[in-house]
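Structure first, commentary second.
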Amino acid sequence: RGQPQSHDEL
Amino acid sequence: MNVFRLAGDMTHLLSIIILLLKIRATKSCTGISLKTQELYVIVFLTRYLDLFTKYISFYNTTMKLVFLGTSISIVWYMRYHKVVKQTYNKDQDTFRHYFLAIPCFLLALLIHHEFTVIEVLWTFSIYLEAVAILPQLVLLQRSRNIDNLTGNYVFLLGAYRALYLVNWVYRYFTENHLVRWIPWLSGLVQTTLYADFFYYYIKSWKNNEKLQLPA
């Protein structure tokens, strides 16, 4: 599942 | 940003501040696992690689710098400060934390969202954070008496990820059911590892007695 994860959390 | 995530971040920040206060005020790190602190530095370093390449918000960047700075300074105090390092329970803090890091890294190589350096290392940091508390919990079981600051530190550390779980539930329902299996399952494992500590911590708080973990 190549969902580019937007790492907006810490 | 939602209130659960903000509460989680503030709880996490508070736990680190309590630990720094304990070390600086008492010039002692008795009962604190250096292994766990070193794992946290690795967690933050591998998680915040995009600190300078991806700007999310002032809050996000500031908190990342604070978490990196405080976790590195805690390891510095425990390793190099002439007074504090004498109080480190070297002979009790024997957990082989590389036994934790290596499987997490291999797992990140196998299970991730996309196979890029940033993403695999980010995934590694998620898996590693889930188990990073183990050396600390083992040390607490070996320590005869756990001082209040250390107990509060571990409690808040466990509570922050529990609040993140609530944040993920909230985001699932408010952000068109976006699924994030990796942090969700890791966060669940992480919080579950604190279960028995939470039980004894709340029991000691209710009965107003010294916190003691069964050996």
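All of these numbers come straight from a predicted model, not from anything done at the bench. Any value given below was found using the heavy atoms of this structure, including those in side chains, with hydrogens, waters and symmetry copies removed. By convention in this document, chain letters (A, B, ...) are assigned in the order of the sequence lines, proteins followed by strands, and residues within each chain are numbered from 1.
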Got a sec, which residues hit ring-ring contact (aromatic ring centres under 6.0 Å, His included) with B:Y88, two or more places apart in sequence or on another chain? none

Measuring from atom OH of B:Y164 to atom CD of A:E9, what distance do you get when rounded to the nearest 0.5 angstrom? 5.0 Å

Residues in residues 56-79 of chain B that sit under 4.5 Å from chain A, counting heavy atoms only: B:I56, B:Y59, B:N60, B:M63, B:K64, B:F67

CZ/B:F198: more than 12 non-hydrogen atoms of other groups inside 6.0 Å: yes

Going by the rule side-chain contact (heavy atoms from CB on, under 4.5 Å), which residues pair with B:F115 if we only count those two or more places apart in sequence or in a different chain? B:L109, B:H112, B:V120

Got A:D8 and B:R5 here, is their nearest side-chain heavy-atom distance under 4.5 Å? yes

Which residue pairs pass the ring pair (Phe, Tyr, Trp, His ring centres under 6.0 Å) test when at least one of the two sits in residues 14-40 of chain B, sequence neighbours left out? none

Heavy atoms of other groups near B:F173 CZ, more than 12 under 6.0 Å: no

Let me know if B:F44 has heavy atoms under 4.5 Å from chain A in its side chain, its backbone, both or neither. neither

Tell me if the CZ atom of B:R142 is crowded by more than 12 foreign heavy atoms within 6.0 Å. yes

